[in-house]
Structures are given as structure tokens and as C-alpha cells.
Participant: 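Take a look at the following structure, please.
What you see is a predicted model; the values in this text were computed from it and never measured.
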Amino acid sequence: MANKLKKVTYTGSVTQSPGIATEGMLLGGLLPNAAFNGTSVSVQWSPDQDGGGTFIDVKETDGSAVSYTVAANKVTRVDPSGFAFASTGSIRFVSGSTEDTSSAITVLLRDS
């Protein structure tokens with residue numbers, strides 16, 4: 001089983017991160033850096049492979065947002081089976097707080 005780490009750095013005073021291509025892999029974990037302000041992160045998905053395009057909110061089967069409680073310098077485990085649909089395209093993260101250019105999330109991706 002192969003794993004891959006991708007660092008996503010916020011680009012300014014925003015809540016949405018840039019997108020990252022999933023490269024056929026599943027989301028397995030999130031590690032916000034020490035500068036990360038938010039305590040929750042929700043997920044958006046795009047069918048575009050290049051990390052760009054139009055992103056849409058990812059919802060649970062009950063219609064609620066897919067959201068994770070996070071903390072700076074702490075790993076949040078994500079059940080990869082819930083992201084089988086997103087192994088193509090791109091994902092990005094929406095913080096519950098405004099982030100700046102010092103804020104980043106290291107994303108753990110793993111083979112499906």
C-alpha cells in the first residue's frame with residue numbers, strides 16, 4: 001500500500017485552500033500546521049484533475065457537510081472508504097476560520 005503526503009498552503013486571508021489532485025488516491029488524514037487557525041475543516045470536490053475548476057461541497061448521505069474537527073499539529077484520521085468517489089479529480093479544504101499564507105494542511109493520501 002502506497003501513501004503520499006501533499007502540503008496545501010493557503011494563499012491569503014481566505015477560508016478555502018487551493019485544490020490538490022487526488023491522483024487516484026483516497027483521503028486518509030489531515031495535519032494542520034502550527035499556524036492553522038480553524039478548529040474544523042469541511043471538504044469540497046471537483047472533477048477536474050488539475051486541482052482547479054469548480055468545487056462543490058461534499059455531503060453525507062443525510063445532507064450534512066463532511067466536516068472534521070482539527071487541531072494545529074495534530075493528525076485527524078479520515079476513513080478513506082468515504083472518499084472512494086473522490087479518487088479522481090481534486091479536493092480542497094474549507095476552514096471554519098480565516099487562514100493566511102502561514103496556514104497549511106499536510107494531506108495524507110493512500111492507495112485505494
Side-chain angles (χ1 to χ4, degrees):
M1 171 181 357
N3 293 326
K4 185 172 201 167
L5 298 175
K6 285 192 171 188
K7 185 176 179 182
V8 180
T9 302
Y10 281 74
T11 58
S13 293
V14 296
T15 58
Q16 297 171 333
S17 76
I20 59 165
T22 58
E23 300 178 27
M25 302 180 90
L26 305 177
L27 179 61
L30 303 170
L31 173 59
N33 69 359
F36 200 80
N37 297 307
T39 58
S40 68
V41 170
S42 59
V43 182
Q44 294 182 327
W45 175 78
S46 171
D48 296 317
Q49 299 281 344
D50 63 0
T54 301
F55 284 86
I56 53 176
D57 294 333
V58 177
K59 302 284 187 174
E60 297 287 0
T61 56
D62 67 1
S64 63
V66 171
S67 181
Y68 299 96
T69 300
V70 297
N73 285 332
K74 305 286 185 207
V75 174
T76 299
R77 182 190 68 82
V78 175
D79 180 0
S81 67
F83 282 87
F85 75 93
S87 63
T88 59
S90 302
I91 54 176
R92 75 177 177 189
F93 305 96
V94 182
S95 174
S97 298
T98 300
E99 305 296 341
D100 60 32
T101 56
S102 64
S103 300
I105 299 175
T106 299
V107 181
L108 172 65
L109 298 170
R110 58 168 286 209
D111 278 342
S112 55

Participant: Quick one: pull up CZ in F36 and CG in L30 and give me the separation to the nearest 0.5 Å.
Facilitator: 8.5 Å

Participant: Is there a side-chain contact between T22 and F83 (heavy atoms, below 4.5 Å)?
Facilitator: no

Participant: Going from OH on Y68 to OG1 on T76, what distance comes out if it is rounded to the nearest 0.5 angstrom?
Facilitator: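 Going from OH on Y68 over to OG1 on T76, the span is 9.5 Å.
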
Participant: As an exercise, state the distance from CG of L26 to CG of D111, rounded to the nearest 0.5 Å.
Facilitator: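 With rounding to 0.5 Å, CG (L26) is 8.0 Å from CG (D111).
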
Participant: Which pair of non-hydrogen atoms, one from S95 and one from E99, has the smallest distance, and what is that distance?
Facilitator: OG-OE2, 2.6 Å

Participant: Which atom pair, heavy atoms only, marks the closest approach of N73 to L31?
Facilitator: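 Shortest heavy-atom contact: C-CD1, 3.6 Å.
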
Participant: Could you tell me which non-hydrogen atom of V78 sits nearest to which non-hydrogen atom of P80, and how far apart they are?
Facilitator: O-CD, 3.0 Å

Participant: According to side chain to side chain contact (heavy atoms under 4.5 Å, CB included), who are the partners of S67, at least two apart in sequence or on a separate chain?
Facilitator: S40, S42

Participant: Side-chain contact test, heavy atoms from C-beta onward, threshold under 4.5 Å: evaluate it for L5 versus L108 and give yes or no.
Facilitator: yes

Participant: Honestly curious: do L27 and V94 fall in one hydrophobic cluster under the side-chain, below-4.5 Å linking rule?
Facilitator: no

Participant: Below 4.5 Å, heavy atoms only, C-beta onward: do T39 and S97 meet side chain to side chain?
Facilitator: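 No. Closest side-chain heavy atoms not under 4.5 Å.
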
Participant: Hey, does I56 have a side-chain heavy atom less than 4.5 Å from the side chain of Q44?
Facilitator: no

Participant: Quick one: pull up CD in Q16 and OH in Y10 and give me the separation to the nearest 0.5 Å.
Facilitator: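 If I round to the nearest 0.5 Å, the distance is 8.5 Å.
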
Participant: Report yes or no: do V70 and L109 belong to one cluster of Ile/Leu/Val/Met/Phe/Trp/Tyr joined by side chain heavy-atom distances under 4.5 Å?
Facilitator: yes

Participant: Write down the atom of A104, the atom of T9, and the distance for their closest heavy-atom approach.
Facilitator: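 Smallest heavy-atom distance, with atoms named: CB-OG1, 3.8 Å.
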
Participant: To the nearest 0.5 Å, what is the distance between CD1 (I20) and CZ (R92)?
Facilitator: 12.5 Å

Participant: Within this structure, what is the CZ-CG distance for the pair R110 and N3, rounded to the nearest 0.5 Å?
Facilitator: 7.0 Å

Participant: A65 and E60: which non-hydrogen atoms are nearest, and at how many Å?
Facilitator: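 A65 and E60 have their closest heavy atoms at O-CG, 4.3 Å.
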
Participant: Side-chain contact, heavy-atom cut-off 4.5 Å: T11 with P18?
Facilitator: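 The answer is yes, as the side chains (C-beta and beyond) meet within the 4.5 Å cut-off.
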
Participant: Donor-acceptor pair, distance only, cut-off 3.5 Å: does the side chain of D48 make one with the backbone of S90?
Facilitator: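 No, the answer is negative, given that no donor and acceptor are paired below the 3.5 Å cut-off.
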
Participant: Quick one: closest heavy-atom pair of I91 and F55, and the distance?
Facilitator: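 Heavy-atom minimum between the residues: C-CE2, 3.8 Å.
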
